[in-house]
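All remarks here apply to the structure that follows.
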Amino acid sequence: MIVTLLLEKTVEAVKELYGYSVEPDKINLEKTSKEFEGDYTIVVFPLLRISRKSPEITGKEIGDFLKQSFDYIESYTVIKGFLNILLSDRYWINLFLENYNKQDYGRSEPIEDAPVIIEFSSPNTNKPLHLGHIRNNLLGYAVASILEANGNKVIRMNLVNDRGIHICKSMLAYIKWGNGEDPSTSGIKGDSLVGKYYVRFNEEYKKEINELILKGYSQEEAEKRAPVLLEAQEILRKWESGDPGTIQLWRKMNGWVYKGFEKTYARLGITFDHVQFESETYLLGKELVKEGLEKGVLAQKPDGSIWADLTNDGFDEKVLQRSDGTSVYITQDIGTAQQRYDHYHPSRMIYVVGNEQNYHFDVLKSILKKLGRNWADLIFHLSYGMVELPSGKMKSREGTVVDADDLMDEMCETAGKITTELGKAKDLPDPEAGELFNSIGLAALKFFILKVSPKKNMTFDPVESIDFNGNTGPFVQYTFARIRSLLKKSGIPVSEINMDGDENSLVLMKSERELLKYLALFPEVIRDAANDLNPSFVTNFCYETAKFFNQFYQEVPVLKESDQAKRLFRLCLSMFTGNTLKSGMSMLGITLPDQM
RNA sequence: GGUCCAGUAGCUCAGUUGGAUAGAGCAACAGCCUUCUAAGCUGUGGGUCGUGGGUUCGACUCCCGCCUGGAUCACCA
């Protein structure tokens, strides 16, 4: 790497010139900012103490030394305290020659290491997926792909929250008001149908609470005593005790939901390597709770409920098992974690879960450690911000959510409309046109969500938020389509486009240089995105790359260039850009059409 | 109230070991299609980086206080 070489030589320069040994990491080397000529900049201020000379003279002396030690340094300038180093075209061209036709450019060799488990999606089976889940799924899938590109072995894990009071609520409402309808008789997608009964439950629940308050109960009291809630709790007890009728209904309704989810995942382009069900891990969790109780690290109250006292860790007491013996949410998480650890001996366990559960994961780790599981430190909660609507927070209880299926439909419809308005894709036959609109609509949605740093909350206006111009998925797709068009029109089969060795006379145009310099960053971008588990680095890289390409495309002719060496170089540079975009966007789960 | 996260242009967002004049897109305005896809390119306007201190040659970035917004502290998941 040129950066390490420059650092080493600078250290040497300081030693030679001023007789002082500095650590390489003390040298301030960065990319030259746009307004100045140069590729890398050494900030000389920190070195003045050593040189005991003015910034200008120090910069010049180091600059001279470096220029003499490197063939690749074209020139340097010292402005104020900044030594700007300009690399020769040769350097960039060599870098280009090494990588332009590599399909796996930027990706790392697989590391021989224990796998990283990444859990995402984790839907509840009482309602369809909504906008919040979309962010979760896209983030999880992208992070997994980025880790793979970084050389990690990855296991994409989905944990289905298929049991608990929430599904009992839907079941109860279905028993009471369902009249035996099912997805085929009603024509409603399975997950939506179950969701309908979840909303119905909450309507009844609210009504009963209000009635009880009129009778003189406090709000809190009313919430606990509402008859439908008591009935739902009864169903949960029956379920945990294995009541056949309850289990049968539960299976049936969950089956509808899974069919529905399958469609939504397929549309989103999400797949998993392994699926866990809470109903299969909560018993292990209960066992661990029992173990903790026997060891004396957990405590039982007179009513039978079991608690962890975490006040020494800065948390409150946490209930792990209700007085009626049923388990709570965190109980299954304890079992799930244990199962994952035993089964995979992973190097890390990443959980992609919203920031509303920050406390939950702190508590989970704390409890696992209390139980003597030191591997709790392998757990990392990848916490992301909420997606809010202009009208405020989404509440599935009240049905004020943006449904994932509806949203995708709308995006693709809009994509089709815009494409038609622009007069494009006229010659495409029907099924392919549909695929194209799908690709564009989903690209817009995915890119919009993934370009935001995971940690941040985001507001999403279904009407106005998503654009097809500017910093968007379709912009990158369009750029790619332009590149494909160039390659196609060159008349050379893509697999045979190659430099022919006549590149010695090349002088780079500004836009060629800028583009090439930026493409050179891709390996670094993947590494940073993997380290920070942040797909927005890749998203922004793809956008900037496309922008640099469009500037290049606008400034210089490719196929119309008369000089053969230049024409071929530009064609290969375009192909290099295309490969890189395709690779980057595929990590985000975004497909790039050849034509649009 | 405790804890955690966030606050950058009218709007949506970049800005990562502290570096030069804080950047994009959208929206507004002005240009560029007889020339490789105008979903593009070029330009103009728009900022007390929430706020007040501190550290430093240098702070959007680090430290402290305050303000605002969000999350959370359930025998919900």
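Each chain gets a letter, A, B and so on, in the order the sequences are listed, and its residues count up from 1. Heavy-atom basis, side chains included; hydrogens, waters and symmetry copies ignored. The model shown is predicted, which means the values in this text are computed figures rather than measured ones.
Using a 4.0 Å heavy-atom cutoff across all strands shown, A:Leu48 reaches no nucleic acid atom at all. At a threshold of 4.0 angstrom between heavy atoms, the contacts of A:Val556 include nucleobase atoms, whether or not backbone atoms are also involved. When heavy atoms are screened at a 4.0 angstrom cut-off, A:Asn531 is found touching no nucleic acid atom at all. A:Asp324 comes within 4.0 angstrom of no nucleic acid atom, judged by non-hydrogen atoms across all strands. Heavy atoms of A:Val43 sit under 4.0 angstrom from at least one base atom. Within 4.0 Å (heavy atoms only), A:Asp532 reaches at least one base atom of the nucleic acid. Using a 4.0 Å heavy-atom distance criterion, A:Tyr543 is classed as a sugar-phosphate-only contact. Note on A:Met596: a base of the nucleic acid sits closer than 4.0 angstrom, heavy atoms only. Residue contacts shown for A:Ser490 are absent, as no nucleic acid heavy atom lies under 4.0 Å away. Among the atoms of the strands shown, base atoms are found under 4.0 Å from some heavy atom of A:Gln595. Counting any heavy atom pair closer than 4.0 Å across all strands shown, A:Phe82 reaches a base atom. Residue contacts for A:Lys424: at a heavy-atom cut-off of 4.0 Å it reaches a base atom on one of the strands shown. Within 4.0 Å of A:Val558, counting heavy atoms only, lies at least one base atom of the nucleic acid. A:Gln357 comes within 4.0 angstrom of a nucleotide base, judged by non-hydrogen atoms across all strands.
Side chains of A:Trp239 and A:Ser241: a donor-acceptor N/O pair is absent below 3.5 angstrom, by distance only. Using a 3.5 Å distance cut-off with no hydrogens or angles, the side chains of A:His381 and A:Asp362 do not pair a donor with an acceptor. The closest side-chain donor-acceptor pair between A:Gln219 and A:Glu223 falls under 3.5 angstrom. In the model, A:Tyr76 has no side-chain atom that pairs as donor or acceptor with a side-chain atom of A:Glu37 under 3.5 Å.
Distance OH (A:Tyr359) to P (B:C76): 16 Å, rounded to an integer number of Å. Here the C1' atom of nucleotide B:G18 and the CG atom of A:Asn28 are 9 Å apart, to the nearest Å. Rounded to an integer number of Å, the gap from OH of A:Tyr553 to P of B:U37 is 4 Å. Remark: P of B:A27 and CZ of A:Phe468 are 14 Å apart, rounded to the nearest angstrom. Rounding to whole angstrom units, CZ of residue A:Phe549 and C1' of B:U37 are separated by 11 Å. Rounded to an integer number of Å, the gap from A:Phe315 CZ to B:C4 C1' is 10 Å. Here the P atom of nucleotide B:A24 and the CZ atom of A:Phe447 are 16 Å apart, to the nearest Å. At whole-Å resolution of the value, CZ in A:Phe475 and C1' in B:C13 are 16 Å apart.
Among B:G40, B:A20, B:U16, the nucleotide with an atom closest to any side-chain atom of A:Lys80 is B:A20.
Side-chain N/O atoms of A:Gln477 include none lying less than 4.0 angstrom from OP1 or OP2 on B:A39.
By the salt bridge (Lys or Arg N to Asp or Glu O under 4.0 Å) test, A:Lys286 pairs with A:Glu240, sequence neighbours left out.
Ring-plane geometry between A:Tyr543 and A:Phe475 is classed as tilted, the angle between the planes lying from 30 to 60 degrees on a 0 to 90 degree scale. The aromatic rings of A:Phe541 and A:Tyr518 lie parallel to each other, their planes meeting at an angle below 30°, with 60° marking the opposite boundary.
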Parsed dot-bracket for RNA chain B after applying the Watson-Crick and G-U rules with both distances under 3.5 Å and | for other-strand partners is (((((((..((((.....[...)))).(((((.......))))).....(((((..]....))))))))))))....
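Ionic pairing of A:Asp39 and A:Lys517 is present here: one or more N-O contacts between side-chain nitrogen and carboxylate oxygen are shorter than 4.0 angstrom.
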